[in-house]
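In the text below, chain A, chain B and the rest are named by the order of the sequence lines, each starting its count at 1. Only a predicted model underlies this, so the values are computations on that prediction, with no experimental measurement involved.
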Amino acid sequence: MDKNYDFKIKEKKWQEFWEKEGVFRFDPGKKGKIFSIDTPPPTLSGKMHLGHAFSYTHQDIVARYHRMRGKNVFYPFGVDNNGLPTEKLVEKINNIRLHDVGRKNFIELCRKTIKEILPDFIADWKNIAMSCDFSNIYSTISPQVQKMSQEYFIELFQNKRVYKKYAPVLWCPECQTAIAQADLEDKKTNSKMYDIEFKTNDEKRFIISTTRPELLSSCVSVFVHPDDKRYSSLSGKIVTVPIFSQKVIILKDKKVDPKKGSGAVMCCTFGDTTDIDWYFRHKLPQRLSVEKNGRLNDLAKEFGGLKLKMARQGIIEKLKKEGLLKKETDIVHTVNVHERCQTEIEILSCSQWFVKYLDLKKEFLAQSNKLKWYPPYMRKRLDNWIEGLRWDWCISRQRYFGVPIPVWHCKNCQKAVLPEISDLPVDPLHSNPKRKCECNGNDFIPEGDVLDTWMTSSLSPQIALSMIKDKKKQNKMLPMSLRPQAHDIINFWLFYTLARSYLHFKKIPWGDVMISGFVLDSKGEKMSKSKGNIVEPRVILEQYGADAMRCWASQSSPGDDLCYSEQEVKIGKRTIIKIWNASRFCLAHLKNYKPKNSDIYSLADEDKWILTKLYRTTEEYIKRMEKYEYAGAKLALDNFFWKDFCDNYLEIVKLRVYENKDEKNFRAAQFVLYTTLYSVLKLYAPIMPHITEEIYQEYFKALEKEKSIHLTKFPKLNKKLCFFAIARKFDLVIDAIAQIRKYKSAHNLSVNAEVDKIIVKTKNKSKLKKYLFLLCRMMSIKTIEIM
RNA sequence: GGGCGAGUAGCUCAAUGGUCAGAGCACUACAUUCACAUUGUAGGGGUUACAGGUUCGAGUCCUGUCUCGCCCACCA
């Protein structure tokens, strides 16, 4: 073995080897119980961020662990490259806006851009040593996936779970599309509360408070609290809205908070969700003055055509001039913004497609309860979300690059006409139905909207399994074993997948759910471009390598956030070097050694001690890993490897391997070095796949049939190599060694310094006696007295 | 406002209700041929956020308080 381990050369070498040899290719016919993973298909973006490197490492450790436990692991890989996120990326890269270039050109540009950036993007996942089957990567915009997405849409349509309706919807004026409840985010904003004077028909003046004076033209009523005595005489009266002069009625509703502002509030169609509620409950008229492009329309009179912010300024100025603006107060309040672009959302009425599921909350909660959550408390997040659902799922997007909604509308009777399954995928804009409408009509208006990207990615279990040719096998693999993902998309991807699985199959999509936390910067703050505290995985890989990065990532438990610390990546690198050097020592004494079972009859007590510790460590490691506690498993292994094996056992065994006097005794030591080192490597393999592969190939491969350490199985827990009583006795020797080291350290002596006589204090005089000779030789002491 | 989680050494975190609460990092001292200075040995460092309670025994269980983080709701 070389003196130094060069990760830059070796990591690349083994990644290429795994790929070339198809080490992680899935073979449905292979022996072993299947362990299937619903890998999160990363959303296509320029490059991987550290949060990805972190959470994908966790799932990869799990995949590698189960593979080495003898399971047949199905670990697919896909890329989510359709819909709004991809469109936003393409707009950014090419510095264009979708509506400016037109549908055809934009879709072409999307395809071209994806083709250019996809290989580099996928390479990032290979570089962190994901053990996915990369021989067959799915893409959510591929014709096959589009076909599936449309097919399942049609199924929902036929089951009356999907409907189109003219209704108030959440709207992003920036992206110019309807969005869903899940796409909202909170944002704290500095704003102003304006007190504006209204006047009733009989000239009574009163104040309403609003943060959105630009919606005055949309005002359809004024609300006060039923018990608010200040306004009891006003209710039922007609008021005139300032500037726009529409007459509206004053109504009572308990939702009004008398303490807020003046206690009187205007209701607009639509300012917020309360307005929608009032619109339906009080059967109010609609006055929609906000257009889809975020500008006011003619209802806003001279402010028509202005963007909302400009309109607000103009309206405020006019109110001031007319003496109707009584007060401005600075406030900080939270507004809903679109998660993809941070633009404040509007509510407007238009025709959209929805998945009807609000009636299924109870069923969804029951499904959530059937899942095994790691950590368990994450379930509450989902349950909370399900309980708080208020809108059916709006699934249509007024965008271009996505899965088209496979529907035509009959011009004659307005009915929706759907394609045949065998004709999928279709783009209604470029094809016609193959048969006439039921009404005999033959003229159609194609549906131009595309599906919400989550409509497709919520089918990830089906998409992943569709890559397995054997249909029977596919069905048997549902539910899948595990969904690993980060906690930020529990409300999106996890929920939607659970919902789809229930709607289509009445099944849970997977048995286990493992949730990863976030990566924070060294100060515990979120990483963001604006703060300039982003750490790129590429930089870490370049400097310390993938194994070191994985070593860092594996110290956090499921659900826990982790602060990035370069110092801790360095510890990962140190561990790798330690493994390398310990292996060099062991292998130097294992030349031409072939393990024989008979060697165990000559085991010395120190051998039995370390083998027992190994047994216990392996047991603990497996126990932890089965519960997805990779951090705990690693901790147990680190302690064993560093302290028990390197610091103590290797130091003790040196006497024997260097002097090499007794053949049997020597072979026993070799047996232990072989067994322990090999076990340590295997147990480290899921966490640090490259260094362990390198040492396996260097030595163990010649004695094994598997072409990669990652295809070998973990050491079996063998009771024959477990000697609890002797190990307990030998702990006294370890204690004595510690005492002697302490003495030498206190007297500024080197560990090897010769000492004439040392007195060791112990309660187990008789037990320790047996080991005095060993202690003397190991610690360079002439005589030891025990007390 | 509702829900969830966390609070243990300077920092990052361990610890089935059961020995004197442990590691790593950082700090200090010492040690250099023999796997490894990308090292080893040792040392200092604690009112386990606070206040009660249950128990033979509490970092761990219960109640309350405080602080921080996250999710959801509110958004006039």
Side-chain angles (χ1 to χ4, degrees), chain A residues 1 3-5 181 184 186-189 191 193-194 208-213 215 219 222-223 255-257 260-268 271-275 278 331-336 344 375-390 487-488 490-491 517-518 520 522 524-526 544 548 552 555-557 559-563 565 567-568 570-589 631-632 635-636 638-639 642-643 646-647 650-651 654 657-658 737-738 740-753:
Chain A
M1 276 172 86
K3 186 149 197 252
N4 294 311
Y5 171 74
Q181 190 182 347
L184 297 180
D186 284 356
K187 194 179 176 186
K188 268 200 172 174
T189 325
S191 181
M193 179 79 91
Y194 301 96
I208 69 108
S209 306
T210 182
T211 53
R212 303 201 60 189
L215 291 181
C219 177
V222 170
F223 278 92
K255 267 201 172 177
V256 179
D257 179 358
K260 219 163 193 176
S262 64
V265 52
M266 65 170 183
C267 170
C268 307
D272 59 34
T273 48
T274 313
D275 288 347
W278 283 336
I331 56 160
V332 177
H333 73 157
T334 319
V335 291
N336 279 138
E344 290 184 28
Y377 64 77
M378 283 293 177
R379 192 188 125 202
K380 277 275 175 189
R381 290 266 184 107
L382 180 65
D383 293 358
N384 239 354
W385 175 253
I386 294 171
E387 281 159 11
L389 281 174
R390 303 171 51 164
H487 65 68
D488 55 330
I490 291 177
N491 302 343
F518 270 158
L520 306 171
S522 53
E525 287 181 38
K526 267 191 186 169
Y544 301 103
W552 160 76
Q555 62 177 327
S556 117
S557 298
D560 283 355
D561 294 341
L562 184 62
C563 296
S565 142
Q567 189 64 241
E568 283 168 17
K570 282 183 187 165
I571 294 168
K573 202 178 168 195
R574 257 182 43 188
T575 309
I576 292 158
I577 293 163
K578 191 79 178 172
I579 292 173
W580 183 251
N581 284 316
S583 300
R584 277 177 57 210
F585 173 81
C586 295
L587 299 188
H589 301 287
L635 191 68
D638 282 341
N639 280 334
W642 214 292
K643 293 202 150 87
C646 292
D647 291 351
L650 290 188
E651 292 306 324
K654 273 177 185 171
V657 295
Y658 283 132
I737 290 171
I740 296 164
R741 281 172 177 164
K742 205 167 170 175
Y743 173 87
K744 288 193 175 179
S745 183
H747 292 80
N748 294 349
L749 295 167
S750 87
V751 182
N752 297 326

Taking protein heavy atoms under 4.0 Å as touching, what does nucleotides 39-46 of chain B look like 5' to 3' if B marks base contact, S marks sugar-phosphate-only contact and - marks none? SSBSS---
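- Listed by chain and residue number, A:Asp257 satisfy the side chain to side chain contact (heavy atoms under 4.5 Å, CB included) test with A:Lys260 (two or more places apart in sequence, or in another chain).
- Atom CG in A:Asn384 sits about 9 Å away from atom P in B:rG3, given to the nearest Å.
- The ring-ring contact (aromatic ring centres under 6.0 Å, His included) search around A:Tyr5 returns A:Trp580, not counting sequence neighbours.
- Residue contacts shown for A:Ser583 are absent, as no nucleic acid heavy atom lies under 4.0 Å away.
- Mapping A:Thr210 and A:Asp561 onto RNA chain B by nearest heavy atom places A:Asp561 at the nucleotide closer to the 5' end.
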Dot-bracket, RNA chain B: Watson-Crick or G-U, under 3.5 angstrom, [ ] crossing, | other strand? (((((((..((((....[...)))).(((((.......))))).....(((((..]....))))))))))))....
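- The shortest distance between the side-chain N/O atoms of A:Asn748 and the OP1/OP2 oxygens of B:rA29 is not below 4.0 Å.
- Atom CZ in A:Phe518 sits roughly 20 Å away from atom C1' in B:rU12 (whole-Å rounding).
- When the side-chain nitrogen and oxygen atoms of A:Thr274 are compared with OP1 and OP2 of B:rC74, none of them lie within a distance under 4.0 Å.
- Note: CG (A:Asp257) to C1' (B:rA73) measures 15 Å, nearest angstrom.
- For the pair A:Met1 and A:Ser583, the minimum side-chain heavy-atom distance is below 4.5 Å.
- When the ring-ring contact (aromatic ring centres under 6.0 Å, His included) test is applied to A:Tyr194, no partner is found at least two apart in sequence or on another chain.
- Contact annotation for A:Asn752: base contact, defined as any heavy-atom pair under 4.0 Å involving a base atom.
- For the pair A:Arg390 and B:rC74, the criterion of a side-chain N or O lying under 4.0 Å from OP1 or OP2 is met.
- The side chain to side chain contact (heavy atoms under 4.5 Å, CB included) search around A:Asn384 returns A:Glu387, not counting sequence neighbours.
- Here the P atom of nucleotide B:rC30 and the CG atom of A:Leu749 are 13 Å apart, to the nearest Å.
- The ring-ring contact (aromatic ring centres under 6.0 Å, His included) check on A:His487 picks up A:Phe518, with sequence neighbours excluded.
- Evaluation of the side chain to side chain contact (heavy atoms under 4.5 Å, CB included) rule for A:Ser556 yields A:Phe54, A:His58, A:Asp560, A:Leu562 as partners, not counting sequence neighbours.
- Against the 90° criterion about 0, the sugar-base torsion of B:rC13 places it in the anti range.
- With B:rA76, B:rC71, B:rG24 as the choices, the nucleotide that has an atom nearest any side-chain atom of A:Lys526 turns out to be B:rC71.
- Using a 4.0 Å heavy-atom cutoff across all strands shown, A:Cys586 reaches no nucleic acid atom at all.
- Rounding to the nearest 0.5 Å places SG of A:Cys563 at 8.5 Å from CD of A:Glu568.
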When the side chains of residues 745-752 of chain A are checked against the rest of the protein, which donor-acceptor pairs come out under 3.5 Å, sequence neighbours left out?
residue, atom, partner, partner atom, Å
A:His747, ND1, A:Tyr743, O, 2.8
A:Ser750, OG, A:Asn752, N, 3.2
A:Ser750, OG, A:Ala753, N, 3.1

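- Side-chain proximity of A:Lys380 to the nucleotides B:rA76, B:rC4, B:rA14 is greatest for B:rC4.
- A:Asp383 comes within contact range of no nucleotide atom at all, as no heavy-atom separation falls under 4.0 Å.
- With sequence neighbours excluded, the residues forming a side-chain hydrogen bond (donor to acceptor under 3.5 Å, both in side chains) with A:Lys255 are A:Asp277, listed by chain and number.
- Using a 4.0 Å cut-off, some side-chain N or O of A:Gln181 falls inside it from OP1 or OP2 of B:rA73.
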Annotated protein contacts, base or backbone, on nucleotides 16-23 of chain B with a non-hydrogen cut-off under 4.0 Å, one of B, S, - each: -------S
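- For A:Glu525, there are no side-chain hydrogen bond (donor to acceptor under 3.5 Å, both in side chains) partners two or more places apart in sequence or in a different chain.
- The shortest distance between the side-chain N/O atoms of A:Gln567 and the OP1/OP2 oxygens of B:rC11 is not below 4.0 Å.
- Regarding A:Arg379, its CZ atom lies at a distance of 16 Å from the C1' atom of B:rG5, rounded to whole Å.
- Rounded to an integer number of Å, the gap from A:Lys188 NZ to B:rC72 P is 15 Å.
- The residue among A:Ile331 and A:Ser750 whose nearest nucleotide of RNA chain B lies closer to the 5′ end is A:Ser750.
- Atom P of nucleotide B:rC11 and atom NZ of A:Lys570 are separated by 20 Å, given to the nearest angstrom.
- Distance, A:Lys573 NZ to B:rG24 P: 21 Å, rounded to whole Å.
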